[in-house]
Peer 1: 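Encoded as structure tokens, here's the structure I'll be asking about.
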Amino acid sequence: MDRIRIGTSSDGVLEFSLDTLQRHIACFGSSGSGKTIAGKVLMEEIARTGVPVIAFDPQGDIASLAITADRKLVKAKGTDPAIRDHYDENVEGLIWTPGSSKGLPLSINPLQFDGVETLNAEDKTRFFSSTAKNIVSLVGYDLDSDDGKSAETILAVIFEHCFDQRNQLRDFGDVVKILQDMPESVVEVVSAVSSPKILRDLTKKLSLLTLGARKLLFQTGVPANIDTLLGKDGSTDKTRISVIYLNTLQTTEEKEFFISGIAQLLYRWMLKHPLGNGQSGIQCAMFIDEIAPYIPPVKVPACKENLELLFRQGRKYGVSCLIATQSPGDIDYKSVGQFATFILGRLNTKQDIDKVKKRLESVAPQELDFISNKLPALKPGNFLAVSPDEF
């Protein structure tokens with residue numbers, strides 16, 4: 001089974017090959033257009049082929065993937081119950097709840113550097129920089145400010161030093177101790193980019209991560225592991241859909257931190273699991289619903305860099321990226337430059353339609369006027385599929 005069924009058209013059943021998913025899919029549509037349901041259909045169908053999925057759920061709309069509908073209801077909706085039975089027998093959905101003891105708690109410890117020794121020098125530098133940026137954003141720095149950049153550099157230097165010296169960091173208390181008594185080899189670099197005030201502020205902010213609810217992000221639940229999220233750890237015979245429910249996190253910074261952390265882990269995982277010679281298709285998929293806050297056009301949240309890296313590199317490793325948003329005018333179109341297939345629901349504003357047209361100029365230039373005229377009139381559940389790999 002190397003094709004997925006995404007719906008019906010005037011020509012009959014509409015299917016995509018897994019090779020098409022390798023070049024990523026974006027779904028755009030205003031509120032009520034059915035885009036989230038379209039995303040769920042994609043994930044169900046991908047999982048039915050035996051490919052696992054990690055899905056970020058910001059509002060609770062994706063969590064229903066863990067529940068299989070009644071056979072009679074499925075049949076009444078016009079779907080063969082045998083498809084439902086195949087899904088129920090071969091797919092499992094798990095709901096992970098970061099920072100909460102409800103559901104399946106999931107934690108991320110950004111100070112665990114397992115596997116970094118396998119990275120080349122460039123990827124290692126990128127890893128420590130990304131980790132530092134993620135933490136600095138979490139504790140409230142503006143990443144574009146001088147203080148934010150200084151704090152990021154300080155942590156990146158410390159992390160690389162600890163890794164090289166095989167000095168394991170158990171928690172942020174250990175980082176605070178190093179800031180208070182820095183090794184001589186670190187002092188020279190740090191003093192060039194910081195001041196005593198910056199070091200005091202950074203030490204205070206990191207100390208707060210060891211107290212109260214914030215420490216639950218790093219200590220409560222199963223430590224995030226891509227093999228576990230994909231069900232490749234030997235814990236199941238079924239294809240796993242792991243839904244990460246973001247509403248258990250309290251702040252925007254915590255959500256960005258978690259998305260960035262999982263994206264970073266997934267990037268390291270795919271470097272260790274490349275496609276074989278001549279192999280195509282996908283090994284796994286990642287879905288993010290309502291992605292606009294995480295890849296905005298101007299601001300650079302901590303997760304944006306890691307997401308863009310997955311978008312650029314994922315295709316050659318068989319990691320399919322699926323995104324959805326009701327605000328295509330609020331995303332950075334350079335970030336989705338690697339997306340080849342688009343599923344377009346009803347869009348009402350000129351800004352959103354113009355943004356979509358701009359992205360489609362290289363994909364379907366001759367159909368731009370047809371598409372832009374059609375979008376405002378689409379009914380809920382009706383979409384235009386634009387896929388140069390298919391048609």
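Only heavy atoms go into these numbers, but all of them, side chains included; no hydrogens, no water, no symmetry mates.
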Peer 1: Can a donor-acceptor pair be found, under 3.5 Å and without considering hydrogens, that links the side chain of T49 to the backbone of I46?
Peer 2: yes
Peer 1: How far apart are the C-alpha atoms of L229 and I262, what are their side-chain angles, what is the distance that settles it, and do they pass the side-chain contact (heavy atoms from CB on, under 4.5 Å) test?
Peer 2: CA-CA 10 Å; L229 294 176; I262 297 295; 4.0 Å; yes
Peer 1: Of all residues at least two apart in sequence or in a different chain, which pass the side chain to side chain donor-acceptor pair (under 3.5 Å) check with D201?
Peer 2: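 Side chain to side chain donor-acceptor pair (under 3.5 Å) list for D201, sorted by chain: K197.
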Peer 1: Quick test of your reading of the model: are E390 and R3 salt-bridged, counting only N-O distances below 4.0 Å?
Peer 2: yes
Peer 1: Is there side-chain contact between F342 and V356, with heavy atoms separated by less than 4.5 Å?
Peer 2: no
Peer 1: Keeping to residues at least two apart or across chains, list the salt bridge (charged side-chain N to carboxylate O under 4.0 Å, His left out) pairs with something in residues 230-250.
Peer 2: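 Sorted result for residues 230-250: E92-R240.
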Peer 1: Enter the distance from D147:CG to I154:CD1 here, rounded to the nearest 0.5 Å.
Peer 2: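 Rounded to the nearest 0.5 Å, the CG-CD1 separation comes to 9.0 Å.
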Peer 1: Which value, rounded to the nearest 0.5 Å, describes the distance between Q351 atom CD and I353 atom CD1?
Peer 2: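 Going from CD on Q351 over to CD1 on I353, the span is 11.0 Å.
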Peer 1: Is it true that a side-chain atom of S260 and a backbone atom of F257 form a donor plus acceptor pair closer than 3.5 Å?
Peer 2: no
Peer 1: Could you give the distance from CG (L307) to CZ (R312), rounded to the nearest 0.5 Å?
Peer 2: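 The CG atom of L307 sits 11.0 Å away from the CZ atom of R312.
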Peer 1: Between the main-chain N or O of G281 and the side-chain N or O of D19, is there a donor-acceptor pair closer than 3.5 Å?
Peer 2: yes
Peer 1: Indicate yes or no for a side-chain donor-acceptor contact from S327 to the backbone of D330 under 3.5 Å, with no hydrogens or angles considered.
Peer 2: no
Peer 1: Sequence neighbours left out, what pairs pass salt bridge (charged side-chain N to carboxylate O under 4.0 Å, His left out) with at least one residue falling in residues 67-76?
Peer 2: R71-D85
Peer 1: For H273, is there any backbone N or O sitting under 3.5 Å from a side-chain donor or acceptor partner on Q283?
Peer 2: yes
Peer 1: Begin with the C-alpha distance, continue with both residues' side-chain angles, and end with the deciding distance and a verdict on side chain to side chain donor-acceptor pair (under 3.5 Å) for T131 and Q264.
Peer 2: CA-CA 8 Å; T131 300; Q264 188 179 54; 3.3 Å; yes
Peer 1: May I ask you to check whether E308 and S335 show a side-chain donor-acceptor distance below 3.5 Å?
Peer 2: yes
Peer 1: Go through the structure and list residues passing salt bridge (charged side-chain N to carboxylate O under 4.0 Å, His left out) with D354, not counting sequence neighbours.
Peer 2: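 Salt bridge (charged side-chain N to carboxylate O under 4.0 Å, His left out) check on D354 returns K350.
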Peer 1: Considering the options I54, I323, I241, I62, which one meets the side-chain contact (heavy atoms from CB on, under 4.5 Å) requirement together with F287?
Peer 2: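 With F287 as partner, side-chain contact (heavy atoms from CB on, under 4.5 Å) holds for just one option, I62.
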Peer 1: Measuring only between side-chain heavy atoms, which start at C-beta, is W269 closer than 4.5 Å to C284?
Peer 2: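 SC-SC contact between W269 and C284 confirmed.
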Peer 1: Taking the side chain as every heavy atom from C-beta outward, state whether L322 and H24 have any pair of such atoms under 4.5 Å apart.
Peer 2: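 SC-SC contact between L322 and H24 ruled out.
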Peer 1: Could you work out, with side chain to side chain donor-acceptor pair (under 3.5 Å) as the rule, every residue matching E254, not counting sequence neighbours?
Peer 2: R214
Peer 1: Are a donor atom and an acceptor atom from the side chains of E152 and S129 found within less than 3.5 Å of each other?
Peer 2: yes
Peer 1: Less than 4.5 Å apart, any side-chain heavy atom of E305 and any of V300?
Peer 2: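 No; the side chains remain at least 4.5 Å from each other.
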Peer 1: For a quick test of your reading: what N or O donor-acceptor pairs under 3.5 Å do the side chains of residues 26-40 make, sequence neighbours left out?
Peer 2:
unit_1 : atom_1 : unit_2 : atom_2 : d
S30    : OG     : R346   : O      : 2.9
S33    : OG     : S30    : O      : 2.8
K35    : NZ     : E290   : OE2    : 3.1
T36    : OG1    : D289   : OD2    : 3.3
K40    : NZ     : D61    : O      : 3.3
K40    : NZ     : S64    : OG     : 2.6

Peer 1: So which heavy atom on V189 is nearest to which on V157, and how close?
Peer 2: CG1-CG2, 3.7 Å
Peer 1: Would you check, one step at a time, whether the test side-chain contact (heavy atoms from CB on, under 4.5 Å) holds for L138 with N134?
Peer 2: CA-CA 6 Å; L138 177 64; N134 208 15; 5.9 Å; no
Peer 1: What I'd like to find out is whether the side chain of L14 reaches to under 4.5 Å of the side chain of T8, using heavy atoms alone.
Peer 2: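 The answer is no, as the side chains (C-beta and beyond) never meet within the 4.5 Å cut-off.
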Peer 1: Given T68 and D88, is the side chain to side chain donor-acceptor pair (under 3.5 Å) satisfied, shown in steps?
Peer 2: CA-CA 6 Å; T68 308; D88 194 44; 3.0 Å; yes
Peer 1: Using modelled atom types only, decide if a donor and an acceptor are shared between the side chain of N225 and the backbone of T228 within a distance under 3.5 Å.
Peer 2: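 Answer holds: yes.
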Peer 1: Could you note down all residue pairs passing ring pair (Phe, Tyr, Trp, His ring centres under 6.0 Å) where residues 88-122 supplies at least one of them, sequence neighbours left out?
Peer 2: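 Residue pairs passing ring pair (Phe, Tyr, Trp, His ring centres under 6.0 Å), neighbours aside: F113-F127, F113-F128, F113-F159.
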Peer 1: What distance separates M182 CE from I178 CD1, expressed to the nearest 0.5 Å?
Peer 2: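 Here the interatomic distance stands at 10.0 Å.
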Peer 1: Salt bridge or not between D123 and R126? Use side-chain N to carboxylate O under 4.0 Å.
Peer 2: yes
Peer 1: Can you spot which of L111, I158, L169 makes a side-chain contact (heavy atoms from CB on, under 4.5 Å) with D174?
Peer 2: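 That would be L169.
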Peer 1: What verdict does the side-chain contact (heavy atoms from CB on, under 4.5 Å) test give for K215 and T210, after you've listed the backbone C-alpha separation in whole Å, the side-chain angles of each residue and the deciding distance to 0.1 Å?
Peer 2: CA-CA 5 Å; K215 67 181 181 181; T210 66; 5.8 Å; no
Peer 1: What side-chain donor-acceptor pairs closer than 3.5 Å can you find for residues 363-375, not counting sequence neighbours?
Peer 2:
unit_1 : atom_1 : unit_2 : atom_2 : d
S372   : OG     : L368   : O      : 3.1
S372   : OG     : D369   : O      : 3.0
N373   : ND2    : D369   : O      : 3.0

Peer 1: Which pairs, with at least one residue in residues 291-321 and sequence neighbours excluded, count as a ring pair (Phe, Tyr, Trp, His ring centres under 6.0 Å)?
Peer 2: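 Every pair satisfying ring pair (Phe, Tyr, Trp, His ring centres under 6.0 Å) with a residue in residues 291-321: F311-F339.
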Peer 1: More than 12 foreign heavy atoms under 6.0 Å from CD of Q180: is that the case here?
Peer 2: yes
Peer 1: Nearest 0.5 Å please: distance from the CD1 atom of I259 over to the SG atom of C303.
Peer 2: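 Output value for this atom pair is 5.0 Å.
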Peer 1: How would you list all residue pairs meeting ring pair (Phe, Tyr, Trp, His ring centres under 6.0 Å) that involve residues 37-63, not counting sequence neighbours?
Peer 2: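 For residues 37-63, and leaving out neighbouring residues, there are no ring pair (Phe, Tyr, Trp, His ring centres under 6.0 Å) pairs at all.
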Peer 1: Has the side chain of R23 got a donor or acceptor atom that lies under 3.5 Å from a matching backbone atom of R315?
Peer 2: no
Peer 1: Enter the distance from Y245:OH to D57:CG here, rounded to the nearest 0.5 Å.
Peer 2: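 Going from the OH atom of Y245 to the CG atom of D57 covers 7.0 Å.
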Peer 1: Between F258 and L217, is any pair of side-chain heavy atoms under 4.5 Å apart?
Peer 2: yes
Peer 1: Does I108 reach the side chain of P98, with side-chain heavy atoms less than 4.5 Å apart?
Peer 2: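 Answer no - side chains too far apart.
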Peer 1: Using a 4.5 Å cut-off on heavy atoms from C-beta on, say whether the side chain of S387 contacts that of T20.
Peer 2: yes
Peer 1: Does the side-chain contact (heavy atoms from CB on, under 4.5 Å) test come out yes or no for Y267 and N306, once each step is laid out?
Peer 2: CA-CA 8 Å; Y267 178 73; N306 284 329; over 6 Å; no
Peer 1: Under 3.5 Å, is there a donor on one side chain and an acceptor on the other for T349 and D352?
Peer 2: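 Looking only at side-chain atoms, D352 and T349 do form a donor-acceptor pair, the distance falling under 3.5 Å.
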Peer 1: Can you pull the ring pair (Phe, Tyr, Trp, His ring centres under 6.0 Å) pairs that have at least one residue in residues 172-207, sequence neighbours excluded?
Peer 2: F172-F218
Peer 1: Please indicate whether E188 has more than 12 foreign heavy atoms, meaning atoms of other residues, nucleotides or ligands, lying under 6.0 Å from its CD.
Peer 2: no
Peer 1: According to salt bridge (charged side-chain N to carboxylate O under 4.0 Å, His left out), who are the partners of K304, at least two apart in sequence or on a separate chain?
Peer 2: D332
